[in-house]
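What follows is a single structure, written as structure tokens, with notes after it.
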Amino acid sequence: MKAAGRPVRTRLRDHLAASDPGLLRLTAGLRTVGAIALTLAVLASAGVDVTRLVAGAMAAMVATFAIREKQRGAQAVTLAAGLPVALVSVSLGAVLSERVVVGDVFFVVLIFAAVYGRRFGDRGTALGLIGFQVYFVSLFVGASAAQLPGLWAALAVAFACSALVRFAVVPVTPAGLLLRLRQAFRARLARLVSAQLALLDAGPDDVDKALEDVREGTARLHETALMIQSRLEEGTPDESTARLVQRRIADAEIAAERLGLQLLSARSAERADTLTLHLPGAPAPEVGRLPGPDEATAALRRDLLALRALVVRTGVGGAGVAQLRNRLLGYRDEENLPVATPAVRDVFRAVGETARAVMGLRVALEGPQDESDDSPATARSREELDAEDAAIDAGEENEPAEEPKGLRRPTTRAAVQVSVGSTLAIVGGELLSAHRWYWAVLTCWIVFINTASTGEILVKGYRRLLGTVFGVVAGILLAALVGGHTWTAFALVLVLIFAMFYTAPLSYTLMSFFVTAMLGLLYTLLHTYSWEVLVLRVEETALGAACGVVAAALVLPVNTDRRTNELLVTVLERLAEVTEAAVGQLSGGPAGDLLDQARRLDQALGDLRSATQPLTHPVTPLRARRTTARYVVALLETCAYHARSLAATAELLPAHPSIAADPRLRGAAGRTVRNIVTIADRVADEDVTAPVETGPSIASLLGGDGTARYGRVTGRVLRHLERLDEAVVGLARPLAVPVTAPER
């Protein structure tokens, strides 16, 4: 039974790791629920009334989710500083509740300070959030000056319980979190290989679904790689180790993506466009059976299964694993490739390169491996990896970017906008209800969090309203279910809070649904529940969202087009930087910090992807703009993939025997860099009329055979440069940049 149960537990662990990288959502849910449950237990044992139970539970929730620092020491300092902020906030809320005008003015000032505090980093954000939310708690429970001693005690208990759960019950260390993220990367890599295996076997009717699974798996693997990169500095003992892990993660991601593209190309009637892997909803190319002898297809299916086994068998050695590894790494040598068409042989080469990346990842994460059963091909791959590891050097410090000043600073602008919106929400909310106007203010506050343009605020307000409407229905049903059973209601509150935090990164609508359903139960506990109260909640939510949109549109507005154009220029500038630096190094120039540059490109592209959500939202009436936005982002993802690949290949130069610098590359790829800069200039200034240039292929500029007078440039480098050049020219049409062909 034990032997049979182990694989089941392993599969469940891998499934959870793949669906929740680093267990971040699970940890957030467990921490919050644990802090609330412990707070309720302590307060209930002291015999406090329901009002202080509710206040303590809400304060424990705020004290838990507000802290965002990565280091435990910084978390402890912020939590300790948060308690006096909470005590002052609840006191002012209770004292000013009877002074309507003064209380409203102070609330607006508090909101401005809380949003402006974001400029001071995670601690400023957390303290501002605690101050605002605890003031809201005082209004929600109807706190008065006479109740303050009891509320102070409840808040002190809540913060103490939050600290106990955070540091003792559900502890998370940077190293432990990074370990779980690495497990998630492996699990998602294994899922991507499974999706590629399904693409190999898919018939004409199934190929679109199989391709969509490969797209999703590729995107999720990239997402996990970015999460790992953001945690490397805190989770590794030194900078050298961090750079080694970063390098191996990037290698594995690029190799897996290349394998999917080569497989799709082999199944297509013509070479598949890289864009096919990055444009959601793009139809799959016409496919047939894999060309070549059936033996090659059977061997490829067997080898993809072996590759997946190498990925998932962490910490497992033995002759069986060594045999699989030796066979796959053998495909890196031409003489070991099976008899097949060139496209199918490219797939086997990609399998070998992915197996090499997996081996490098295992060495970086698990340390030295057993080399007793290595074949000559495997030993050669290990030597290459060792040489690459020795060549890794700490990068130079980057100059911090100059921040805008005054009202141009994002935190200042957001603080002014949310203050104006909250003022409108207070006035309108009090017209709807003299006692529960604060719901409108809360919604106005929330729609501004993590948004930067009017369109983003509009989409977030719509999602919150939609979740609130359905949450009201659920609240009615749950209130009828629990009746007057206090502890049943609290138990359901804990379930809903866990669901709220577990689904928050996935769907803002779902999170709003669980929040509203939970509030229906809290109203029941406070004996203020009624149908009218829940309907008022919907009205106040709609009002708050409208006030937020109005403030964003009229006060220091950031138009969605302006915001996306600014981010698009940033992406293009970083794409030019990575491409120029990689090509420079491939041409024999000095080594640079290419991986960090590639990471900054990925981060900028992620920001652009988020900013285009208002344009790509399913309910947007501007269908043509939605199609254009999706196409441009997909093309940029294709460009970023090729730039990452060039950067990774350039970093192999000091150690890889089959890659040599070729000075001609700088001139051949110069056109591509100039075109990227031209497009960026046109997006930044419509008066720019310089065209994008096309011309002979990069391979022809190098002589056509890929063999340089100064050394050999691999076909892989040429393919990435040519695909990048094609994708950059492809960006010109949707962005209305003229294209010129050279005169004959």
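Along the sequence shown, residues carry numbers from 1. Quantities reported herein were computed from a predicted structural model and do not represent experimental measurements.
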Apply side-chain contact (heavy atoms from CB on, under 4.5 Å) to [X] and list each qualifying residue two or more places apart in sequence or on a separate chain.
X: A643; answer: L575, V578, T579, L601
X: T516; answer: T468, V472, R537
X: L506; answer: R25
X: N565; answer: V683

For [X], all residues meeting side chain to side chain donor-acceptor pair (under 3.5 Å), sequence neighbours excluded:
X: Q71; value: none
X: R609; value: E637
X: R220; value: E216
X: R562; value: E566

Contacts under 3.5 angstrom, residues 550-557 side chains, donor-acceptor by atom type, not counting sequence neighbours:
none

Strictly by salt bridge (Lys or Arg N to Asp or Glu O under 4.0 Å), give each pair with a member in residues 542-557 just once, sequence neighbours left out.
none
Sequence neighbours excluded, the answer for ring-ring contact (aromatic ring centres under 6.0 Å, His included) partners of Y631 is none
With sequence neighbours left out, the residues meeting ring-ring contact (aromatic ring centres under 6.0 Å, His included) with F65 are F501
